[in-house]
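Owing to the predicted nature of the structure, the values given are computational and were not obtained by experimental measurement. One-based numbering, in listed order, for ligands and for the atoms of each.
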Amino acid sequence: MSQIDALPPLRDVIATHELKARKSLGQNFLLDLNLTAKIARQVGDLANCDVLEIGPGPGGLTRGLLAEGARRVVAVEKDRRCIPALEDIVAHHPERLQVLEGDALDIDPTLHLTAPIRIAANLPYNIGTELLVRWLTPPRWPPFWQSLTLMFQREVAERITAQPGSKAYGRLAILAQWRCTANIVLSLPPEAFTPPPKVSSAVVHLVALKEPKFPADAKTLERVVATAFNQRRKMLRSALKPLGGDIEDRLRAAGIAPTDRAENIPLEGFCALARELVH
Ligand code: SAM
């Protein structure tokens, strides 16, 4: 195994700073720096970008991003115990790493970042989906970021990249694929982490498109999709009743059979329906 930097191995960092992993913070650490460097390489052009990292923990992915040449990394960590370990990395890269202690759900990191911005994270499982949905549904598009390179439980990664007709297809797939390209770029077994989680993980790479793939009002599309998949086994004419009005006519106008089910409708169909509903 080759050294990616002059800092101590992560096992030593964890021992020195007594960073026993806490389940409540979704802590499953990556200790293999060659693997974190490999994840960093999935992010794309790093040299000309600021990278926002959520949950750096003891700093494995942070070090991967820096070793792979990130212009700057801004890392937001909630666990105070990790801050001294991260400050040791700052000491090696004073111009290139900034650590913010706090909750990623509360902090506005854009104040500390300069465009172009990419986001990379081995996300805490308990807030991963919430952060992703926030990043995918800002008031204006394109968003503040160019790409997201995110570790999820494999099952969540499959929901983000799912195609119509599959069990995994739903709200996350539509929100992600409406305004981004989304691909699984790496798969990791539980043993890649310390402690190992119960399930496998995968890295998803999303690139923000300049324009959504099909026109639609974002709020209406979100409402239609949430309602349709709330009762995914029902025919759409029943599942979408909560939207009120002449839903069968609207479905037909959008080119969708009222007897069809949400999981068979492609993104284009949901966008057409969202347009019908704002008329
Ligand atoms: N990036 C490290 C790695 O790959 O080894 C740690 C990943 S671990 C899965 C998730 C990290 O997110 C932990 O360091 C945890 O303390 C941090 N975290 C959990 N909740 C957070 C929150 N709300 N805001 C910021 N960081 C959080």
Option passing side chain to side chain donor-acceptor pair (under 3.5 Å) with Q27 (candidates N122, D79, T194):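 Going through the options one by one, the only one that passes is D79.
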Could you tell me if the side chain of [Y] sits less than 4.5 Å from the side chain of [X], heavy atoms only?
| X | Y | value |
| --- | --- | --- |
| R154 | I184 | yes |
| L10 | R63 | yes |
| N28 | P195 | yes |
| L35 | L188 | yes |

Residues lining ligand 1 [heavy-atom distance under 4.0 Å, listed by chain and residue number]: L25, G26, Q27, N28, F29, L30, E53, G55, P56, G57, V76, E77, K78, D79, G102, D103, A104, N122, L123, P124, I127
Lys/Arg N to Asp/Glu carboxylate O, E222 vs R171, below 4.0 Å: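 No.
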